[in-house]
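A quick write-up on the structure given underneath.
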There are 2 protein chains.
Amino acid sequence: MKAKEKILQAAYDCFSKRGYTGATTREIARLAGVSEVTLFRLFGNKKELFREVLINFSVIPDLRSISIPEGSGSEVLAEVGRKIFLSLKEKKEFLKILLSEITGLAEEAREVYSHFVETFEYLLLEVFSSVFSSSSCSELREKVRVFGAALFGFFVSEEIFQGKELSPEEIDSFIETLVRFLSGGSH
Amino acid sequence: MKAKEKILQAAYDCFSKRGYTGATTREIARLAGVSEVTLFRLFGNKKELFREVLINFSVIPDLRSISIPEGSGSEVLAEVGRKIFLSLKEKKEFLKILLSEITGLAEEAREVYSHFVETFEYLLLEVFSSVFSSSSCSELREKVRVFGAALFGFFVSEEIFQGKELSPEEIDSFIETLVRFLSGGSH
DNA sequence: GTTAATAGTAAGTACTTACTTACATCTTTA
DNA sequence: TAAAGATGTAAGTAAGTACTTACTATTAAC
């Protein structure tokens, strides 16, 4: 692994553990096993390094790579919900960085987040319109909103705030309930 | 207003704007209109001040003070949802602090958050068991989870991440959709 | 084998941070 | 009026921060 990669990975770990202000270039360099001078030569300054971390470890590619599976309506929804949740889980540290800097470093973080929301909603809208083909456009968007908010809220609350590592069964259980309500029946 | 109160208020503003590490005792004192020495005399150190801010500006009292209104099932749910959302909105800055410090300052922040989740779920369970009196206990808890996650996720995503200030109509619209799905019918 | 790129070491700069000490001023209370 | 408490000013400490400069060592390319 080249120095640049090692630094990016160390910065990712360090920013997610200590936040932007809390992370120091010294510690990042030490973790990466390179000198601090190398860090500054390759990235110029701390903020630029942060920006590159946000680009390199984004959850977006994971979301984009999710394909719509075959099956009945409820099955498709549940499967996509599962995949989204797992993508979020895999990029948990990245999301922690985003969370911890959303107030302080507004510009960069908010930009990345907006992009995330767009991709998220676009993907869901695609899925929902294939599953609920008879629904109106506004009806679809309502469902996407509720589904997205519930999934995201569940993830943030359990995995990030409470620091839990949910098992596949716990995730499935939540998603199946959610899909049941959205599909119209409560039984 | 006494010095202690002024400092607490200034610290609240400053922590929510810059995060724990980003906020400085100098700026807090300046904002409060007191000397930095007074700050240290009254609070000992920065961490202790932070702890007192978390206690003083918690969203818990707001949540606890929510009473269950009269009306049909759906009306009650929607009204409670609205009240919860408004409580969150009122303590938005407090929640930003919690969010930005959940990873860095784990102990204090996580403790406060756990307390928040408990109160949140307890309140919802009370409401749901009066609204869906025929549902089983596990069914009730499932509904509470979905309702809570969706409400919280919607708030965090829109108000905190995207920095929007949602109008009462937008809030109502989301909550009504959510209640409709949870009440079993999609029409 | 020379050159150019990539890394490291050592030292230092200019600044900021949390926090302290010593002493003076004002206000309230007894 | 005297004592006690709360606040301010001025100055400083020790440590940490991002970032720089000057120079050296290693590696790969031509």
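- In this pair, A/F116 and A/F152 present their aromatic rings tilted. The plane angle is within the 30 to 60° band.
- One atom, CZ of A/R26, and another, P of D/dA18, lie 8 Å apart when rounded to the nearest Å.
- Annotation: of the two residues near DNA chain C, B/R41 and B/G44, the 5′-most nearest-nucleotide partner is B/G44.
- Classified by interplanar angle (parallel below 30°, tilted 30° to 60°, perpendicular above 60°), the ring pair B/Y20/B/F15 is parallel.
- In this structure, the CZ atom of A/R30 is 16 Å from the C1' atom of D/dT17, given to the nearest Å.
- To the nearest 0.5 angstrom, A/C14 atom SG is 5.0 Å from A/I28 atom CD1.
- When the side-chain nitrogen and oxygen atoms of A/S35 are compared with OP1 and OP2 of C/dA7, none of them lie within a distance under 4.0 Å.
- Distance, A/K2 NZ to C/dA7 P: 7 Å, rounded to whole Å.
- B/G33 comes within contact range of the sugar-phosphate backbone alone, with a heavy-atom separation under 4.0 Å but no base atom that close.
- Straight-line distance from the CD1 atom of A/I7 to the C1' atom of C/dA7: 10 Å, rounded to whole Å.
- Nucleic acid contact for A/V37: base, since at least one base atom lies under 4.0 Å from a heavy atom of the residue.
- Taking side-chain N and O atoms only, B/T38 has no distance below 4.0 Å to OP1 or OP2 of D/dT7.
- Atom CZ of A/R18 and atom P of D/dT17 are 10 Å apart (whole Å).
- A/A29 comes within 4.0 angstrom of nothing in the nucleic acid, heavy atoms only.
- Between A/L54 and the choices A/Y113, A/Y12, A/F94, the side-chain contact (heavy atoms from CB on, under 4.5 Å) rule is met once, by A/F94.
- Judged by closest nucleotide on DNA chain D, B/A3 is the one of A/E36 and B/A3 placed further toward the 5' end.
- Counting to the nearest Å, the P atom of C/dT17 and the NZ atom of B/K46 are 9 Å from each other.
- Between the side chain of A/S129 and the main chain of A/E126, a donor-acceptor pair closer than 3.5 Å is present.
- Taking atom CG on B/L42 and atom P on D/dA6, their separation rounds to 9 Å, with Å as the unit.
- Distance, A/F40 CZ to C/dA7 P: 16 Å, rounded to whole Å.
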